[in-house]
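Have a look at the structure below, then the notes.
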Amino acid sequence: MRAISQDVLGGPEVLREIELPRPEPGPAEVLVRVHAAGVNPTDWKHRATGGLLGEPPFVLGWDVSGVVEAVGLGVTLHKPGDEVFGMLPYPGGHGAYAEYVTAPSRCFAPKPANLDHVRAAALPLAALTAWQTLVDTADVQPGQRVLVHAAAGGVGHLAVQIAKARGAYVLGTARAAKHDFLRSLGVDEPIDYTTTDFAETVRDVDVVVEAIGGDYGPRSLRTLREGGVLVSLALSRLADFDPGDARAETLLVEADHHALTRIAKLAEEGRLRAEIDTVLPLAEAAKAHERGESDRSRGKIVLTA
């Protein structure tokens with residue numbers, strides 16, 4: 001099968017197409033023919049630094065939408081021919097930039113019937129990250145104030161929609177040029193971070209979704225009300241800062257069949273959609289990474305296998 005791999009760490013140019021043996025599903029696993037693979041910031045960060053994967057060679061990618069080709073011993077959730085979408089186990093289950101993947105069956109759920117494979121592949125990692133932040137960790141309730149940083153980005157634009165589905169009032173940071181897009185998603189209060197210091201102007205926030213890193217985490221603590229929660233997705237060293245009467249958490253996304261089914265339901269109801277920035281063939285994975293790292297993209301980048 002075709003796959004995109006790398007032998008060294010570096011820029012997008014290190015990604016290259018190779019041939020690998022088609023994998024076989026083990027017990028409790030499924031073999032999925034990949035129709036589309038989502039591209040996420042964690043992909044290019046691992047390409048450049050090795051991150052949680054260490055040294056290459058490795059095949060990147062965690063987001064998958066495709067068709068079940070075969071099932072391993074004991075699998076009851078899926079059958080050959082089923083259209084599914086899901087996230088490979090993070091971080092060790094990487095490998096979505098390929099024609100086939102194997103993973104535990106509960107990493108996948110039925111693909112939303114109203115979405116094609118491209119739009120379905122754009123959802124899993126980013127939507128699960130947003131869901132596990134807002135629902136599992138923060139338990140957002142109607143009327144609460146939620147601040148989403150990088151609200152036009154991959155995780156951010158889905159977090160906005162999930163927060164709105166939970167009945168929240170949403171504030172979102174992005175450049176002014178993206179504010180119309182934010183309003184179309186349901187953002188109540190767009191904030192231009194290039195002209196406004198959110199840490200000085202925003203107060204009484206119940207939940208902050210922070211995926212940027214650097215000083216965004218510590219500065220965001222100043223916006224929280226008593227009892228509020230900041231969830232860092234950038235692995236910020238929040239332990240070095242005193243959250244006072246608030247709570248600070250660091251979240252690493254996990255594969256989750258149950259949450260995927262809830263996400264699929266929102267998508268089928270028209271309450272959650274992934275904005276597609278760019279679609280490229282698998283062989284042009286390097287161009288996808290270049291686009292993602294340019295900071296010009298809005299929403300998700302997807303590869304088709």
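Residue numbers run from 1 in the order of the sequence given.
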Practice task
Using modelled atom types only, decide if a donor and an acceptor are shared between the side chain of E293 and the backbone of E290 within a distance under 3.5 Å.
Solution key: no
Practice task
Report yes or no: does E55 contribute a side-chain atom to a donor-acceptor pair with the main-chain N or O of G50 at less than 3.5 Å?
Solution key: no
Exercise for the section: Verify whether the ring centers belonging to H258 and W131 lie closer than 6.0 Å. Expected result: no
Problem - Inter- and intrachain pairs under ring pair (Phe, Tyr, Trp, His ring centres under 6.0 Å), touching residues 201-221, at least two apart - result: H149-Y216, F198-Y216
Handout entry: Salt-bridge present (D139, R166; N to O < 4.0 Å)
Key = yes
Exercise for the section: Evaluate the criterion side chain to side chain contact (heavy atoms under 4.5 Å, CB included) for residue pair R145 and L171; output intermediate values, then yes/no. Expected result: CA-CA 7 Å; R145 288 164 56 83; L171 306 89; 3.9 Å; yes
Practice task
Indicate yes or no: does R22 engage E99 in a salt bridge with an N to O separation below 4.0 Å.
Solution key: no
Problem - Test side chain to side chain contact (heavy atoms under 4.5 Å, CB included) applied to E210 and L233, step by step - result: CA-CA 6 Å; E210 194 286 286; L233 311 176; over 6 Å; no
Problem - Ionic contact status for R16 with D7, cut-off 4.0 Å - result: yes
Completion exercise
Exactly one of R119, K300, H157, R298 clears side chain to side chain donor-acceptor pair (under 3.5 Å) with E275, and that residue is R298
Handout entry: Closest non-hydrogen atom pair between A285 and I4, with its separation
Key = CB-CG2, 3.9 Å
Handout entry: Heavy-atom donor-acceptor pair, H179 side chain to A174 backbone, under 3.5 Å
Key = yes
